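Take a look at the structure set out below.
This is a predicted model, so every value here is computed, not measured.
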Amino acid sequence: MRLSIVVPVFNELENVNRMHRQLTDVLQPSGYDYEIIFVDDGSTDGSRNALGVLADSDSAVKVVFFRRNYGQTAAMQAGIEYASGDAIVTLDGDLQNDPADIPMMVRKFEEGYDLVHGWRKQRQDAWLSRKLPSKIANWLISKATKVPVHDLGCTLKVIRTDIAKELKLYGQMHRFIPILASQHGARCAEVVTNHRARQFGESKYGIARTIQVILDLMTVKYLQNYFANPMKLFGRLALLCGAVSAASAFGTIAMKIFGQTDITGNPLFLTAVVCFLAGLQFISLGLLGEVSARIYYSSEHNSTFTVDRTKGFAANQDRSDAKQAA
């Protein structure tokens with residue numbers, strides 16, 4: 001089996017060579033054929049040059065260079081698109097994920113699973129800004145999607161390549177890969193992995209990301225339950241609107257009978273109607289926009305990122321302008 005190791009990198013100069021060395025120390029004795037795909041997400045600290053040197057010195061290293069910073073999800077999607085192995089292993093470039101866990105996860109994968117994802121049970125991060133929001137988000141997502149996952153934020157995963165390439169990642173959807181894969185019928189397993197404290201560089205995540213996670217959860221929940229039949233959702237909302245409209249009409253008639261002359265000027269009635277309609281319009285526009293985005297990226301073969309150049313790939317893959325920005 002051939003493994004494609006996908007590592008998104010953004011300003012990780014101190015970690016790039018250490019990551020390569022640790023991956024090589026783990027993968028060479030494993031007996032697996034492998035490639036290491038670094039995706040440089042518009043680094044400005046010298047990581048690009050360091051990755052280029054690695055690609056020159058090691059034929060197993062391939063590098064995708066973005067023109068600017070597009071985010072981890074875009075970097076993950078690019079690595080998946082360029083991967084040629086039978087299974088794809090994803091991990092962060094900050095060395096908090098332990099490459100030594102890869103053989104154990106691959107063995108679990110070979111038991112017949114389509115996706116094996118890590119669980120940072122003993123997470124080495126700040127409690128208030130990282131661990132607490134993560135626990136809340138994971139609990140909320142697990143309850144909403146009915147997918148029993150302890151740690152959606154763990155980037156360390158092993159996934160079958162054909163399933164990975166079916167997933168269209170955008171926004172911050174990389175953290176929902178187990179849920180998206182399960183929607184494609186993937187057999188998933190979760191294993192406890194080692195998590196290490198960051199030694200070099202600065203974290204790119206903070207408590208503000210929790211808001212984006214909640215918004216993405218709304219999208220995933222909609223796609224999970226209503227994508228194939230949206231009338232199940234919008235029909236229920238229409239019935240609710242009809243019920244509210246009927247109740248309001250009944251109340252208006254009753255108020256008129258009992259002597260209320262200015263029905264249209266009633267502030268409570270006007271506030272309820274305006275807020276309900278505005279909320280319904282915003283929700284509908286948001287969900288329709290998400291569906292339109294998926295159709296756009298899936299049908300038109302467009303991408304959320306732009307590749308500047310690549311290095312280390314075969315001649316037919318090494319190109320300067322592989323993907324054009326939307």
Hydrophobic cluster membership, with links at side-chain heavy-atom distances under 4.5 Å among I/L/V/M/F/W/Y: are [X] and [Y] in one?
{"X": "M105", "Y": "V26", "result": "no"}
{"X": "V39", "Y": "L13", "result": "no"}
{"X": "M104", "Y": "M1", "result": "yes"}
{"X": "L91", "Y": "W119", "result": "no"}

Tell me whether [X] contacts the main-chain N or O of [Y] through its side chain, where contact means a donor paired with an acceptor under 3.5 Å.
{"X": "N11", "Y": "S47", "result": "no"}
{"X": "N97", "Y": "D92", "result": "yes"}
{"X": "R48", "Y": "F66", "result": "yes"}
{"X": "T90", "Y": "V6", "result": "no"}
{"X": "K311", "Y": "F65", "result": "no"}
{"X": "E166", "Y": "H184", "result": "no"}
{"X": "D101", "Y": "N194", "result": "yes"}
{"X": "R196", "Y": "L95", "result": "yes"}

Smallest separation among heavy atoms of [X] and [Y], with atom names:
{"X": "M19", "Y": "P99", "result": "SD-CG, 4.2 Å"}
{"X": "D114", "Y": "G185", "result": "OD2-O, 4.2 Å"}
{"X": "S4", "Y": "G85", "result": "OG-N, 2.8 Å"}
{"X": "I159", "Y": "F109", "result": "C-CE1, 4.0 Å"}

Supply the atom-to-atom distance [X] [atom1] to [Y] [atom2], rounded to the nearest 0.5 angstrom.
{"X": "C188", "Y": "I177", "atom1": "SG", "atom2": "CD1", "result": "11.0 Å"}
{"X": "D86", "Y": "T161", "atom1": "CG", "atom2": "OG1", "result": "6.5 Å"}
{"X": "N15", "Y": "D94", "atom1": "CG", "atom2": "CG", "result": "6.5 Å"}
{"X": "T73", "Y": "D41", "atom1": "OG1", "atom2": "CG", "result": "9.5 Å"}
{"X": "K121", "Y": "C154", "atom1": "NZ", "atom2": "SG", "result": "14.0 Å"}
{"X": "I5", "Y": "L27", "atom1": "CD1", "atom2": "CG", "result": "5.0 Å"}

Heavy-atom side-chain proximity of [X] to [Y] below 4.5 angstrom:
{"X": "D98", "Y": "T193", "answer": "no"}
{"X": "M76", "Y": "T155", "answer": "yes"}
{"X": "K157", "Y": "P178", "answer": "yes"}
{"X": "H20", "Y": "V61", "answer": "yes"}
{"X": "E12", "Y": "S43", "answer": "no"}
{"X": "V64", "Y": "E81", "answer": "no"}
{"X": "L23", "Y": "I102", "answer": "yes"}
{"X": "I80", "Y": "L169", "answer": "yes"}

Run the salt bridge (Lys or Arg N to Asp or Glu O under 4.0 Å) test against [X] and tell me which residues pass, sequence neighbours left out.
{"X": "E190", "value": "none"}
{"X": "R21", "value": "none"}
{"X": "D58", "value": "none"}

**Y82 vs V307, side chain to side chain contact (heavy atoms under 4.5 Å, CB included): CA-CA, chis, key distance, verdict** = CA-CA 11 Å; Y82 279 90; V307 173; 4.2 Å; yes
**Request:** Begin with the C-alpha distance, continue with both residues' side-chain angles, and end with the deciding distance and a verdict on side chain to side chain contact (heavy atoms under 4.5 Å, CB included) for V63 and L54.
**Result:** CA-CA 9 Å; V63 188; L54 284 178; 5.9 Å; no
**Message:** side chain to side chain contact (heavy atoms under 4.5 Å, CB included) for Y34 and Q28? Distances and angles first, verdict last.
**Reply:** CA-CA 9 Å; Y34 68 91; Q28 280 188 346; 3.4 Å; yes
**Asked** Please walk me through it: do E110 and R107 pass salt bridge (Lys or Arg N to Asp or Glu O under 4.0 Å)?
**Response** CA-CA 5 Å; E110 290 177 324; R107 288 193 295 270; over 6 Å; no
